[in-house]
Amino acid sequence: MAQRIRPKKKDKVTIYDVAREAGVAISTVSRVLNNSSDVSEETRQRVLRAIEKLQFRPDRTARTLAQKKTRVLAVAVTSFTTPFHNEILKGVRTAMENVDADLLLSDLGSKYPQQKLLNFLRRGAVDGLLVIGLPADEKLTLELRAFMHPWSWWATITPTSTASTGTTA
């Protein structure tokens, strides 16, 4: 049987490669990526040219570790099929259009939506949480405070109540 030979994958371009190409320190590349004002325009352009030439794309995991923020808003919904839930999701999408963050949807549609929500939060960190269709009782609020980071916020919205919000800040 003939064995398939795979071509060697090109190594992923890193911030170190960009710094080397631009002739700057990695901290300078980081400042350019984060739109810091303390980089001269000439240096910024040199770094941006290196980024373009090397086709560098920041690594989400590395950025999360360095900044201690995920830039992820989770929206946990009990249903994707009702007009109420769809309108809320459209509003969230519209509100997020100009925000440098990603939207993560979690389906809570089950017999035990509160437990499903807590299991979802155990799998990974998010910077914000919007819960739609699940009333926030005192027990859930306490558990959310335990899971969320100090800069996090959350809100719960149900068709029959006003929004309730919380923060750990």
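Keep in mind that what you see is a predicted model, and the values were worked out from it rather than measured.
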Open item on the list: I'd like to check L33 versus V18 (side-chain heavy atoms, cut-off strictly below 4.5 Å). Are they in contact?
Closed with: no

Open item on the list: As a test of understanding, state which of V39, L48, I15 forms a side-chain contact (heavy atoms from CB on, under 4.5 Å) with V29.
Closed with: I15

Task: Straight-line distance of Q115 CD to F120 CZ, nearest 0.5 Å - done: 14.0 Å

Task: Straight-line distance of E52 CD to R49 CZ, nearest 0.5 Å - done: 10.0 Å

Task: Nearest-0.5 Å distance that lies between atom CD in E21 and atom CG in L54 - done: 5.0 Å

TODO: Start with the C-alpha distance between L89 and R93, add both sets of side-chain angles, then the distance that settles side-chain contact (heavy atoms from CB on, under 4.5 Å), and finish with yes or no.
DONE: CA-CA 6 Å; L89 289 172; R93 183 190 66 206; over 6 Å; no

Task: Within-4.5 Å side-chain heavy-atom neighbours: E41 and R44 - done: yes

TODO: Can you run down the salt bridge (charged side-chain N to carboxylate O under 4.0 Å, His left out) pairs that involve residues 77-90, sequence neighbours left out, and say none if there aren't any?
DONE: E87-K90

TODO: Please check if V131 and Y112 belong to a single hydrophobic cluster, counting links between Ile, Leu, Val, Met, Phe, Trp and Tyr side chain heavy atoms closer than 4.5 Å.
DONE: no

Open item on the list: Counting only heavy atoms from other residues, nucleotides and ligands, does the tally under 6.0 Å from CG of N98 exceed 12?
Closed with: no

Open item on the list: Do L129 and L117 have side chains that approach each other closer than 4.5 Å (heavy atoms only, starting at C-beta)?
Closed with: yes

TODO: Flag the pair V32 / T43 as yes when at least one side-chain heavy-atom distance between them is below 4.5 Å, and no otherwise.
DONE: no

Open item on the list: Would you compute the distance between atom OG1 of T28 and atom CZ of R31 and round it to the nearest 0.5 angstrom?
Closed with: 4.0 Å

TODO: State, with a plain yes or no, whether a side-chain heavy atom of V13 is found less than 4.5 Å away from one of Q55.
DONE: no

Task: Min side-chain heavy-atom separation L73-V92 under 4.5 Å - done: yes

- [ ] Indicate yes or no: at least one non-hydrogen side-chain atom of I132 is less than 4.5 angstrom from one of F84.
- [x] yes

Task: Side-chain H-bond candidate by donor/acceptor type, S36 with N34, under 3.5 Å - done: no

Open item on the list: Using modelled atom types and a 3.5 Å cut-off, is there a donor and acceptor pairing between side-chain atoms of D107 and backbone atoms of G109?
Closed with: yes

Open item on the list: Would you compute the distance between atom CG of D17 and atom OG1 of T14 and round it to the nearest 0.5 angstrom?
Closed with: 3.5 Å

